[in-house]
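Working notes, beginning with the structure itself.
If you're wondering where the values come from, they're calculated on a predicted model, not measured in any experiment. These values consider heavy atoms only, across backbone and side chains, with no hydrogens, waters or symmetry-generated copies. Order of the sequence lines fixes the chain letters, A, B, ..., with proteins taken first and strands second; residue numbering starts at 1 for each chain.
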Amino acid sequence: MGAIDVSEIQTFVHDVVVIGAGGAGLRAAVAAAEEGLDVGVVCKSLLGKAHTVMAEGGAAAALGNADPRDNWKIHFRDTMRGGKFLNQWRMAELHAQQAPDRIRELEAWGAVFDRTADGRINQRNFGGHRYPRLAHVGDRTGLEMIRTLQDKAVHTAGVAVHMECTALRLLLDKGRVAGILAYWRDSGRFVLFKCKAVIMATGGFGRAWRVTSNSWEYTGDGQAMAYEAGAELMDVEFTQFHPTGMVWPPSVAGVLVTEGVRGEGGILTNNRGERFMFNYIPEKFAKETADTVEEGERWLDGDKTARRPPELLTRDVVARAIAAEVAAGRGSPHGGAFLDIASRRPAEVIKKKLPSMYHQFKELAEVDITKEAMEVGPTLHYAMGGIRVDHDTQMTRVPGLFAAGECGAGLHGANRLGGNSLSDLLVFGRLAGLGAASYIATVGDLEVSSDDVVAGIRKATAPLNRESGPNPYVVHDGLRDVMGRHVNIWRTREGLEKGLVEIARLQGVVGTVKAHGTSQFNPAWSEALDLPNLLLCAEMVARGALLREESRGAHSREDFQGERDEWGSRNIVIRKGADGAMETEVLERTAGPDGLAGIANASLEDLEGNRG
Amino acid sequence: MAERVLRAWRGDRSGGRFEDYTVEADPGMVVLDLVHRAQAGPAPDLACRWNCKAGKCGSCSMEINGRPRLACMTRVGDFAPDEPIVVQPLKAFPIIRDLVTDVRWNYQQNKRIAPFTPGPAPADGNYRMSQTDVDRVQEFRKCIECFLCQDTCHVIRDHDKKADFVGPRFMIRLASLDMHPLDTVDRIPAVRDSYGSGYCNITRCCTEVCPEHIGITDNAIIPLKERVVSRFYDPIAMAIRAFFGTKSEPGKRPMAAPQTKVP
Ligand SMILES: Cc1cc2nc3c(=O)[nH]c(=O)nc-3n(C[C@H](O)[C@H](O)[C@H](O)COP(=O)(O)OP(=O)(O)OC[C@H]3O[C@@H](n4cnc5c(N)ncnc54)[C@H](O)[C@@H]3O)c2cc1C
Ligand code: SF4
Ligand code: SF4
Ligand code: FES
């Protein structure tokens, strides 16, 4: 390639650029624009197609509509307990307190949630939540949320959306964020965004695994860009395996089956017809979980004195239980467990409450879920860890760089409760937008360095310009094998060390891949550009997992079973060291503020009916 | 395992042609899997949109053996074993490359529809709406914006009336706002004058292709047309309006002038 004239590159100037148009990004954009800022939203896909659209079950908020005993303190307590006390106290507090207003606000923006008998927003049960807490729309809550936010954003003055535009790297001016380099997917042309703040809202990195509920967009771009710019990451070893993904046919393996099926009364059985979850109730939850089928049935019939059935334990527990049943030879024909709603609810109720599950199975697996049980097994679903931020402003340690949503860290600790992501997006998306607005007020003029831009462009075009090289799809497939073998639901020192060697090898290969074809809407080229990010995230997961010598939440070590007290007060932080190599640090947590620690450890009776 | 022929349209605005790729197909595969197999093998740069692979995002719209469909929800096994799977881009929109078209026009339509505008919230902050009152609105809100209906509607596809008619997808958007119990804006005049309800001649082709099985024509467009008729052509309603003023719809106020039409 010849000389690159940076002044000839198409350039947009905004106050703040939001990377990502999922729930977090759109909510952040609206918040920043309402503060009077000029906001550019950049996203890899078309508007409205981000991952958030796929969310099914609902958004958790202690509205207290379905059960008046609920309040923010119990939501906070559930979130801390679900996260095995590795959550950031302040974030869990802000989230539980603000989620109800964020949900009501969505309604004022046009969302149409399912209703209670008296006409308010209805709420459903979900794993780990003490009360029915998830505001929902059948099993397409994410669609409702993204469409509402999309309509709100395009009608909010000051928001401009640049869709099918992929961000490649952050541009800094003396350590402060000054812009981003990106390219248009349709033409392959490069584009420069100059701004004073960037909000990362790019989602997770599940594409490193073969069996996953995540889409092609989930390649950890935001985490990688933030890492390269000097931000820290935290809790990355905690990758959530959702217990119920489809297992058959092979082409849909991993596609999610919402937890709402169990929330509506669905039960899990093995090939002997046993409701095996009763055998896997952890001590910590024993007091609050039904221990007989009979009690579970009473709960389903609405008996408020009955405890919740064990199918609604947290995801980590249910996923490991299914894996253990399969390993013990008690699995379903295609290597999963049976999930039965057919014998539990009438066909019309199933179709009304779980319409997209009904279609998904009917059309993709030729299974009628109103008549037969589904076959399900664990699927890689969610990244609890991510970019480390200030709890109130969402700013990273890089001035001007913010993060919110799945790419951020802190709210969920070692395990996320279902429904806590959609509310996370709203609460922290908004706070990031506000954080960016107050930061920008303090910043003067910034410059982007032409050298950085040129370096970014040369690096990005290398896979196109190379004469030959390995096929990026094949390298990606290799990574999936490595993660499936060594960095999966059960982990060991030996496996993780092998995994790291393999990841390092692939990191070498990825610098030599060849993308055939031109730069116009070329999926091979985007694969080649996303892969280094995915490999970086894979390395972070493996390094964190190797350090954490215990099993907690979503992280399970075969060689260190059970929670270890010393690790219960530690978060693992990852950053790029001065020498360019990946650096890990074990951070001792500070004790929770008295008030919050008290709530987290309080008995339910103390908190119920306390709407303070 | 069986071999299948994927016949994919390759090209851009300047033209193109069909190319055959022979790929392995496993049981249960969908057409999007064949596209991915072709990308991983003989056609790495074959352009195609997708995200969820579960019929939820509406990205993978294309024409498959002559019919507008979602590639992720079309099973390979539905076609005869020796029948090639023919994939081509949506016809109603300009081609970008291969199976990817420029659908920005649709986003422009949404922008010119006045947004949801509720009345003030009750003192406790909780709006009240009964489930039966929102059932119909929820039906329309199932839309995944795949734009298959837009691609199918002859007004847009064959007559290219994009400047005059917003198309079925946005007729249901208008209907969902019109039937929303909390909304206060009157969009009925604009439904006729600006969004072009008169162009629809109720062929129901849009309803047939909708992967969400939304009753686009019967549940949304016909009721909207009826509202227009009773507003503008019903002599009794006109007389009442002449007598009492224009605001014949309790609770609804006229919307601000729609933004200028996009060419
Ligand atoms: C099938 C499924 C069901 C789920 N169900 C629930 C549920 O019921 N309840 C719940 O709380 N959570 C649920 N989750 C989790 C939740 O949906 C996600 O965690 C959440 O939507 C993530 O939102 P986000 O805003 O962080 O990112 P996303 O919605 O994923 O958006 C990411 C955005 O970043 C953009 N992007 C990424 N990289 C780049 C780049 N390099 N340049 C430009 N743009 C980029 C993408 O284009 C996209 O717009 C579910 C997840 C899945 C997969
Ligand atoms: S019913 Fe109307 S909108 Fe639908 S395809 Fe026919 S003309 Fe178009
Ligand atoms: S109405 Fe149906 S066909 Fe039309 S865009 Fe929506 S989901 Fe697609
Ligand atoms: S990929 Fe989402 S609808 Fe097909």
Practice task
Under 4.5 Å, counting heavy-atom pairs only, tell me which of A:His476, A:Glu527, A:Gln150 racks up the most with chain B.
Solution key: A:Gln150

Practice task
Look at A:Asp151 together with B:Arg173 and state whether they make a salt bridge at an N to O cut-off of under 4.0 Å.
Solution key: yes

Problem - A:Thr518 and B:Arg97: side chain donor to acceptor below 3.5 Å - result: no

Handout entry: A:Lys49 NZ/CZ over B:Phe147 ring centroid, <6.0 Å and within 45° of normal
Key = yes

Handout entry: Interatomic spacing from SG in B:Cys72 to CG in A:Leu364 - rounded to 0.5 Å
Key = 7.0 Å

Fill in the blank from the handout: Whatever's closer than 4.5 Å to a heavy atom in chain B on A:Glu56 counts as side chain

Problem - Interchain contact, A:Met246 with chain B, by part (heavy-atom threshold 4.5 Å) - result: neither

Exercise for the section: Without swapping roles, check the side chain of A:His155 against the backbone of B:Ile113 for a donor-acceptor pair under 3.5 Å. Expected result: yes

Exercise for the section: Let me know if A:Leu46 has heavy atoms under 4.5 Å from chain B in its side chain, its backbone, both or neither. Expected result: both

Fill in the blank from the handout: The interface call for B:Leu32 against chain A, heavy-atom contacts under 4.5 Å, is neither

Problem - Rounded distance [0.5 Å steps], SG in B:Cys52 versus CG in A:Asn214 - result: 12.0 Å

Practice task
Against chain A, label B:His36 side chain, backbone, both or neither, depending on which of its atoms sit under 4.5 Å from a heavy atom there.
Solution key: neither

Problem - Contacting region of A:Tyr218 [heavy-atom separation from chain B under 4.5 Å] - result: neither

Exercise for the section: Give, as side chain, backbone, both or neither, the part of A:Trp525 having an atom under 4.5 angstrom from any heavy atom of chain B. Expected result: neither

Handout entry: Under 4.5 Å from any heavy atom of chain B - which part of A:Arg120
Key = both

Exercise for the section: Answer yes or no: is there an ion pair linking A:Lys352 with B:Asp135, defined by an N-O contact shorter than 4.0 Å? Expected result: yes

Problem - Residue B:Val30 versus chain A: region with a heavy atom under 4.5 Å - result: both

Handout entry: chain B contacts, top residue of A:Glu366, A:Lys44, A:His516 (heavy-atom pairs, under 4.5 Å)
Key = A:Glu366

Problem - Region of B:Ala121 that comes under 4.5 Å of a non-hydrogen atom in chain A - result: neither

Exercise for the section: Nearest 0.5 Å please: distance from the CZ atom of A:Arg140 over to the NZ atom of B:Lys142. Expected result: 8.0 Å

Problem - Segment of A:Leu47 engaging chain B (4.5 angstrom heavy-atom cut-off) - result: both

Exercise for the section: Against chain B, label A:Ser526 side chain, backbone, both or neither, depending on which of its atoms sit under 4.5 Å from a heavy atom there. Expected result: neither

Handout entry: Ion pair A:Glu363/B:Arg75, N-O distance below 4.0 Å
Key = no

Handout entry: Under 4.5 Å from a heavy atom of chain A, the part of B:Asp102 involved
Key = neither

Completion exercise
Under 4.5 Å to a heavy atom of chain B? For A:Ala50 that would be neither

Practice task
Pick whichever of A:Asp101, A:Val154, A:Val112, A:Thr148 has the most heavy-atom pairs under 4.5 Å with chain B.
Solution key: A:Val112

Problem - Residue part contacting chain B, namely of A:Asn471, when any heavy atom lies under 4.5 Å - result: side chain

Completion exercise
Here the gap from B:Gln39 atom CD to A:Asn522 atom CG, rounded to the nearest 0.5 Å, amounts to 9.0 Å

Handout entry: Heavy-atom contact with chain B under 4.5 Å, split by part of A:Val255
Key = side chain

Practice task
Taking the side chain as every heavy atom from C-beta outward, state whether B:Arg49 and A:Phe521 have any pair of such atoms under 4.5 Å apart.
Solution key: yes

Practice task
May I ask you to test the A:Ser356-B:Lys56 pair for a side-chain heavy-atom distance under 4.5 Å?
Solution key: yes

Exercise for the section: Could you tell me the separation between the CD1 atom of A:Ile103 and the CG atom of B:Asn126, rounded to the nearest 0.5 Å? Expected result: 12.0 Å

Exercise for the section: Report the option among A:Pro100, A:Gly110, A:Pro472, A:Ser213 that has the most heavy-atom pairs separated by less than 4.5 Å from atoms of chain B. Expected result: A:Gly110

Problem - Exercise: do A:Asp114 and B:Gln138 side chains pair donor with acceptor under 3.5 Å - result: yes

Exercise for the section: Return yes when atom CZ of A:Arg466 has more than 12 non-hydrogen atoms of other residues, nucleotides or ligands closer than 6.0 Å, and no otherwise. Expected result: yes

Problem - Pairwise distance CE(B:Met129) to CZ(A:Phe113) - rounded to 0.5 angstrom - result: 9.5 Å

Handout entry: Check: B:Tyr127 side chain, A:Glu107 main-chain N or O, donor-acceptor pair, under 3.5 Å
Key = no

Practice task
Inspect the surroundings of CZ in B:Arg17 and state if more than 12 heavy atoms from other residues, nucleotides or ligands are less than 6.0 Å away.
Solution key: no

Exercise for the section: Let me know if B:Asp33 has heavy atoms under 4.5 Å from chain A in its side chain, its backbone, both or neither. Expected result: side chain

Problem - Non-hydrogen side-chain atoms of A:Met163 and B:Tyr107 separated by less than 4.5 Å - result: yes

Exercise for the section: Could you tell me whether the side chain of B:Trp50 reaches within less than 4.5 Å of the side chain of A:Trp216, counting heavy atoms only? Expected result: yes

